[in-house]
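Okay, so here's the structure we're looking at.
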4 protein chains.
Amino acid sequence: MNDHSVSARKRDKRRQILEAAVGVFAKQGFHKSRVSDVARAAEVADGTIYLYFKSKDDILISIFEETMADMIERVQLAIESHSDPLDQLREFALFHMRNVEEHRDVAKVLQVELRLSSTFMKEYKPTRLQQYMDIIGRLISEGKEAGVIRADVNPIIARRAFFGALDEIAMQWILTPNARYGLNESAEQIAELFVRGLQS
Amino acid sequence: MNDHSVSARKRDKRRQILEAAVGVFAKQGFHKSRVSDVARAAEVADGTIYLYFKSKDDILISIFEETMADMIERVQLAIESHSDPLDQLREFALFHMRNVEEHRDVAKVLQVELRLSSTFMKEYKPTRLQQYMDIIGRLISEGKEAGVIRADVNPIIARRAFFGALDEIAMQWILTPNARYGLNESAEQIAELFVRGLQS
Amino acid sequence: MNDHSVSARKRDKRRQILEAAVGVFAKQGFHKSRVSDVARAAEVADGTIYLYFKSKDDILISIFEETMADMIERVQLAIESHSDPLDQLREFALFHMRNVEEHRDVAKVLQVELRLSSTFMKEYKPTRLQQYMDIIGRLISEGKEAGVIRADVNPIIARRAFFGALDEIAMQWILTPNARYGLNESAEQIAELFVRGLQS
Amino acid sequence: MNDHSVSARKRDKRRQILEAAVGVFAKQGFHKSRVSDVARAAEVADGTIYLYFKSKDDILISIFEETMADMIERVQLAIESHSDPLDQLREFALFHMRNVEEHRDVAKVLQVELRLSSTFMKEYKPTRLQQYMDIIGRLISEGKEAGVIRADVNPIIARRAFFGALDEIAMQWILTPNARYGLNESAEQIAELFVRGLQS
DNA sequence: AATGAATGAGGTTTCATTCAT
DNA sequence: GATGAATGAAACCTCATTCAT
């Protein structure tokens, strides 16, 4: 057995636990999920979890970190196909909502459960979230430089407002079993609102 | 002892507990606050709390309910001074942020602690929050009827986007001890964004 | 208002509480009954109970004491109509069971609830119960002197065995909603057993 | 480590807790004993108790269940040495009392503490006690068939009367530190009483 | 005598984490 | 690396009782 296969197996087991955790947390909620529930779902022993994660919270944070890293990468690819910053913003909104729709379990854990965890938002600094929002901020700044966005727009405030709008709608959609509006329509509406609101 | 003084004393004690709870929850967080911490701060015995509230969660929910009821009333008064729905929306944003700024402790409990409580958002239906958001929705609908807001705006999506934007900024301001931007500037920026975004 | 009426009213309120307590304890069980439940049933304030009884346990003990005092008096009247100690024993059994049947609530409290109270049987010395059982013991001793009961019967053991037999059957009847045998038949059977068992 | 030693150790720890519990409950009473008292006596952590028992009540019920199962087995062996049902009844009485005398702590827990526990006698159906009493009933029925016991004896009533008599005496002996009569004499007296009372 | 608001002690159970095997 | 038995900290709430009015 060579090094590669060992570390590959290791990564596999880590992934195995992470995927089991997403399912368990989405179904029962983070708080109500016991570590042993995750262990059972991942088909490992309780103690094994602690070979890969520092704590129960660390599992949640890892889900967040890794999902966000992936999203940051993919959203950048998605917006590359446009050149106008405003079109890119629209693309961002569509991407975000499509992502929530396609990975409901992951989205539920990130949107709902993550916030119910007392460590998050307080002790943990969500750098990844910052990075994700920074993409929005960069687009706004580029728009300002290109003259398509009003000069008096504060990119720091605007990017957070944009993200807040997307986030609130996504949260609602996740919590409501049968939402009245699809996320696609919501994304379009929000994009339209902000594009009009931002442009010179 | 007449009826007035008795029920007044009773109301007083309830308020005494509620105010102590806001302080304790804002400082230590809801989860880390013990009922006896609230009792000590309110200068009553632990058991007394349960004469006025069903449970620890009930204290949190009562803070929410009563603060929201008050805000709903006051925001309606605040927007009455304007007649244009778009001006009223701007006033709403300013009112909301002014409120967060002036009652930081209460805002912190509502914005942060309430969401960390596992009962809330899941078992408890936040009717008051709905009512508060409904005011935004009503302004948008009125704006559409008056022709100052685009006909293709979906008020249900837009009101939630507007609230989400305000909420995200407020959350950030509360969690960041020394925020770069005052809430007043943020309110203006968001109002401007949405007014431009919504208008025909 | 003269002394008589005052103390009469006092006795009335005491009785009022005692009767309410029997009902409440029989229905909910002593342990699950709160003092305020008894107060509400007796239509007095919680504190009033403590003007008449030292503690919650004291209510239970008072029910016991007063019921037993009454039963001791009445059972003596009942057995007076017979002269043969063995007939008197039979009468005792019949009286005991008739009493359980006719005052099911009181019996339930005495038989079941009293024993579930941790003070009773341990700290409290049930003198009245002793007195009640002494009547059986006396009948047995008289029977021995009269020669109708075997000389080798130990009255102290026999009286407790007799009471234990009655008590166990009564307990079962009280706990079983629809008992297979009426208490009258049980009394006859036990009497027959002991009369035959005791006689020379 | 082989399977045997693992499950043996497991059984050992369970027994360790059970034996500690008997001692603690007998000394302090079930109600006054805290789970941590039992844990300390058994030299395990508080939480370990809950790996073997569902609740504090479950410990008590387990003591009862397992002791009764053992007694049922042993009393049947004990009465096998006789063939006459009346001799067997006598043997039963002697066995029962000998058992109480030899396992005073266990008997105290079963006789006294079990009844003071509010769950028992009310929610829990004591099947084992029924089985134990059934042995008496069976002996009586066999006696009737063999013609040594009166035809008009109701076995259901008689068996409970017999058990009640034994139980009441045992209870008294356990509660009275220096009882006047040994349990052996009491067993003989009760056996004599019932044998004479039952026989044709 | 009557009230009832206020008191405050007290204990079971869960479950994240550890560590000997 | 993997296991899973063992650990032990931690806090909500009830309700008998008191006492100022």
Side-chain angles (χ1 to χ4, degrees), chain A residues 1 6-7 9-10 13 31-40 43-59, chain B residues 1 5-7 9-10 13-14 17 31-40 42-59, chain C residues 1 6-7 9-10 13-14 31-40 43-59, chain D residues 1 5-7 9-10 13-14 31-40 42-59:
Chain A
M1 210 153 290
V6 165
S7 74
R9 213 177 344 126
K10 193 162 174 177
K13 191 150 286 187
H31 193 78
K32 286 200 168 178
S33 303
R34 280 161 292 153
V35 170
S36 62
D37 291 336
V38 175
R40 200 181 317 110
E43 294 179 302
V44 298
D46 291 22
T48 305
I49 303 236
Y50 290 86
L51 296 174
Y52 297 91
F53 302 94
K54 278 202 305 290
S55 65
K56 188 187 170 190
D57 278 351
D58 188 36
I59 303 175
Chain B
M1 193 145 302
S5 80
V6 165
S7 71
R9 195 155 20 108
K10 205 162 168 175
K13 190 147 285 184
R14 191 189 147 86
I17 294 168
H31 193 76
K32 286 201 168 177
S33 303
R34 278 163 295 147
V35 171
S36 60
D37 292 335
V38 176
R40 199 180 318 109
E43 294 181 301
V44 297
D46 290 22
T48 306
I49 305 245
Y50 291 87
L51 294 177
Y52 297 91
F53 302 95
K54 279 201 301 291
S55 64
K56 190 186 168 193
D57 278 352
D58 188 36
I59 303 174
Chain C
M1 210 154 289
V6 164
S7 74
R9 201 156 17 104
K10 192 162 173 176
K13 191 150 283 185
R14 190 188 148 86
H31 193 77
K32 287 200 167 179
S33 303
R34 280 161 292 153
V35 170
S36 62
D37 291 336
V38 175
R40 199 182 317 110
E43 294 179 302
V44 297
D46 291 21
T48 306
I49 305 240
Y50 290 86
L51 296 174
Y52 297 92
F53 302 95
K54 279 202 304 289
S55 66
K56 188 186 170 191
D57 279 351
D58 188 37
I59 303 174
Chain D
M1 196 145 304
S5 81
V6 165
S7 71
R9 196 157 18 106
K10 205 163 169 174
K13 191 147 284 187
R14 191 188 147 86
H31 193 77
K32 287 202 166 177
S33 303
R34 279 162 294 146
V35 171
S36 60
D37 292 335
V38 176
R40 199 180 318 111
E43 294 180 301
V44 296
D46 291 21
T48 306
I49 305 244
Y50 291 86
L51 294 177
Y52 297 92
F53 302 95
K54 279 202 301 291
S55 65
K56 189 185 169 194
D57 278 353
D58 189 36
I59 303 174

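In the text below, chain A, chain B and the rest are named by the order of the sequence lines, each starting its count at 1. Atoms considered below: every heavy atom in the structure, side chains included; atoms not considered: hydrogens, waters and symmetry mates.
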Residues passing the salt bridge (Lys or Arg N to Asp or Glu O under 4.0 Å) test with Asp37(B), sequence neighbours excluded, are Arg34(B), Arg40(B)
Taking for each residue the nucleotide of DNA chain F bearing the nearest heavy atom, is the 5' side occupied by Val44(D) or by Ala45(A)?
-> Ala45(A)
Between NZ on residue Lys13(C) and CD on residue Glu43(C), distance to nearest 0.5 Å | 10.0 Å
If you restrict it to nitrogen or oxygen atoms, what contacts under 3.5 Å exist between nucleotides 14-17 of chain E and the protein, and what is each distance?
{"unit_1": "dA16(E)", "atom_1": "OP1", "unit_2": "Lys56(A)", "atom_2": "NZ", "d": "3.3"}
{"unit_1": "dA16(E)", "atom_1": "OP2", "unit_2": "Val35(A)", "atom_2": "N", "d": "2.8"}
{"unit_1": "dT17(E)", "atom_1": "OP2", "unit_2": "Tyr50(A)", "atom_2": "OH", "d": "2.9"}
{"unit_1": "dT17(E)", "atom_1": "OP2", "unit_2": "Lys56(A)", "atom_2": "N", "d": "2.8"}

Both distances under 3.5 Å, Watson-Crick or G-U wobble: on that basis, could you give the dot-bracket string for DNA chain E, with [ ] for crossing pairs and | for other-strand partners?
-> .||||||||||||||||||||
Over all heavy atoms of both residues, which pair between His31(B) and His31(A) is shortest? Give the atoms and the distance, please.
-> CE1-CE1, 4.3 Å
When rounded to whole Å, the CG to P distance for the pair Asp37(B) and dA11(F) reads 9 Å
Distance, rounded to the nearest Å, where Tyr52(D) contributes OH and dG4(F) contributes C1' | 11 Å
Can you find a pair of side-chain heavy atoms, one from Val35(D) and one from Tyr50(D), that are under 4.5 Å apart?
-> yes
Residues at least two apart in sequence or cross-chain that pass side-chain contact (heavy atoms from CB on, under 4.5 Å) with Phe53(D), listed by chain then number, are Arg14(D), Ile17(D), Leu18(D), Ile49(D), Asp58(D), Ile59(D), Ser62(D)
Under the side-chain contact (heavy atoms from CB on, under 4.5 Å) rule, collect the residues that match up with Ser33(A), sequence neighbours excluded.
-> Val24(A), Phe25(A), Gln28(A)
Round to the nearest Å and state the distance from Phe53(D) atom CZ to dT12(E) atom C1'.
-> 16 Å
Atom CD of Glu43(D) to atom P of dG8(F): distance rounded to whole Å?
-> 13 Å
Specify the separation, in whole Å, of atom CD1 of Ile49(C) and atom P of dT18(F).
-> 13 Å
